[in-house]
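Heads up, the thing below is written out as structure tokens.
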Protein chains: 2
Amino acid sequence: MREPDATVAREPLNRARVLKAALGIIDAEGVEALSMRRLGAELGVDPMAVYRHVDGKDAVLDGVAELLWEELPDACPEDGDWAASLRAFASAIRSLFHAHPHAAPLMLQRPVLPVPQLEKSHQQLEALQAAGFDREDAAEILRTLISFSTGYGLAEVTCYALVDGEAWPPPGSERDLLIAFAQFLPPGTPARLVDVAIALWAMADSDATFESSIDLILSGARLRLERRRGASE
Amino acid sequence: MREPDATVAREPLNRARVLKAALGIIDAEGVEALSMRRLGAELGVDPMAVYRHVDGKDAVLDGVAELLWEELPDACPEDGDWAASLRAFASAIRSLFHAHPHAAPLMLQRPVLPVPQLEKSHQQLEALQAAGFDREDAAEILRTLISFSTGYGLAEVTCYALVDGEAWPPPGSERDLLIAFAQFLPPGTPARLVDVAIALWAMADSDATFESSIDLILSGARLRLERRRGASE
DNA sequence: ACCTGAACACCGTTCAAGT
DNA sequence: ACCTGAACACCGTTCAAGT
């Protein structure tokens, strides 16, 4: 008879626990704080024991990327509204960057095809094809949407990183903004460039800009659908 | 009298030379190959001498990001065609990713406001305002364009990284593509997901997708300009 | 058969010792 | 005043030695 696994004096390590701990460290202190030794310490385990469950540091980072894509909610295609589904998808991607400013960039940077990313993309593609798009158009639209959402999210968190712990956008008057931004620019930078930085990255309503760009992409998609329908009739 | 600087037995180190060497290493072997010691070796110099000209490794990476933004061609607004200028800007950003697949991601990831980025953005903003956009709209459009171009470029180079030295997209029949992609997915991944990967990242015409997305953004911008003009008259 | 931890070949950065 | 390179506190990973 095997030993009963009731006595879990110390929960056995597994890949999932390792990755969750890694994400925790990255969220709290940034990617550069993650090390295999630190990971072992965090898990209360010999640092080298981690290698039993994971293939090395790169594999840990790949795994964290996968974890993040898993966090994306599944499409709920019951209502059959492909546009609403795409919009939710795009917003969820952007939200992931906000929830994990340090970790989310990994989603784009690991040379892997995370299975959950493909799974979610599959759902969106199905919804688009069900709505009458052919597969090429569907893929093109989805690709545009993913690229934009990740690019936008990345740009936002890179701005947060400027002020790190501080609030973003820096609260207060436009004059405070000016001062805050000027600190990140070499002394002697012309004021006109500080203005550009503010106009581009701090002044506009980030949510509204994102939404209206998504609108643009979606209306482009809608147009293509009409044309396709017109041509096939 | 000072010593004439004619005898340049060994060209004196300076920030620009350090950064150029760093970019060279990253281009050739990837970011993870860059180390301060390696940098010193590449320059034929005591590794610690590099610290005289640069503030540390992070500053080197910041500097490389700056170098890349500098490579972007300036706007040539003589013809006054704001849309053409924006399109060239977007294409140039994407081209930078193709030219520096390993280094270009740094453009988005360093918590700095690279002055040349602001400079180039300034030129685009001016062109837009000259065409009748108000500053908020101009900033929003430019922000959307930059986010999309960088996101798209980043997605592309992450795909290249999958096959690294190999050609991209992998040449040959659709069947070869299937096999090539399947190798990067865990064994037992459903074929349907391999299909998704191919449809999303290998099948579509990358250039055409990019251009048509830019069209979308530009036509949205044009629409806003019309409205703005209509309202003010 | 499994795990540990010593050891190797690297890091970035500091700083005392030299000139 | 300047530069060197030893030294410190870390890395990721391997692997022999233990149990």
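Lettering of chains follows the sequences in order, A, B, ..., and the numbering in each one begins at 1.
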Tell me yes or no: between the side chains of A:Gln109 and B:Thr158, is some donor less than 3.5 Å from an acceptor?
no
Does C:dT14 have OP1 or OP2 under 4.0 Å away from a side-chain N or O of B:Tyr51?
no
Starting at CG of B:Leu39 and ending at P of C:dC10, how long is that distance when rounded to a whole Å?
17 Å
Rounding to an integer number of Å, can you tell me how far B:Glu29 CD sits from C:dC10 P?
14 Å
Nucleotide of C:dG5, D:dG5, C:dA7 approaching B:Asp46 most closely (side-chain heavy atoms)
D:dG5
Would you find a donor on one side and an acceptor on the other, under 3.5 Å apart, between the side chain of A:Ser91 and the backbone of A:Ala88?
no
Return the residues of residues 52-66 of chain A meeting this criterion: a heavy atom under 4.0 Å from some atom of DNA chain D. Order them by number, or give none.
A:Gly56, A:Lys57
Quote, to the nearest angstrom, the P distance that separates D:dC8 from C:dG18.
16 Å
Return the nucleotide paired to D:dC3: Watson-Crick means purine N1 to pyrimidine N3 with N6-O4 or O6-N4, wobble means G-U with N1-O2 and O6-N3, both under 3.5 Å.
none
Side-chain ion pair, A:Glu32 and B:Lys57, N-O less than 4.0 Å:
no
Looking at C:dG12, C:dG5, D:dG5, which one has an atom nearest to any side-chain atom of A:Met48?
C:dG5
Using atom CG of B:Leu43 as one end and atom P of D:dT4 as the other, report the distance to the nearest whole Å.
13 Å
Under 4.0 Å between a side-chain nitrogen and a carboxylate oxygen: does that hold for A:Arg135 and B:Asp195?
no
Send over the distance from B:Glu32 CD to D:dC11 C1', rounded to a whole Å.
15 Å
Partner of C:dC8 under the Watson-Crick or G-U wobble criteria, both distances under 3.5 Å, comes out as D:dG12
Do A:His102 and A:Glu29 pair up side chain to side chain, a donor and an acceptor below 3.5 Å, judged on atom types alone?
no
Would B:Arg94 count as a cation-pi partner of B:Phe210, with NZ or CZ less than 6.0 Å from the six-membered ring centre and within 45° of the ring normal?
yes
Whole Å only: how far is the CZ atom of B:Arg37 from the C1' atom of D:dC8?
11 Å
Side-chain H-bond candidate by donor/acceptor type, A:Gln124 with A:Ser85, under 3.5 Å
yes
B:Ala49 has a side chain; which of C:dT13, D:dG12, D:dT4 sits nearest to it?
D:dT4
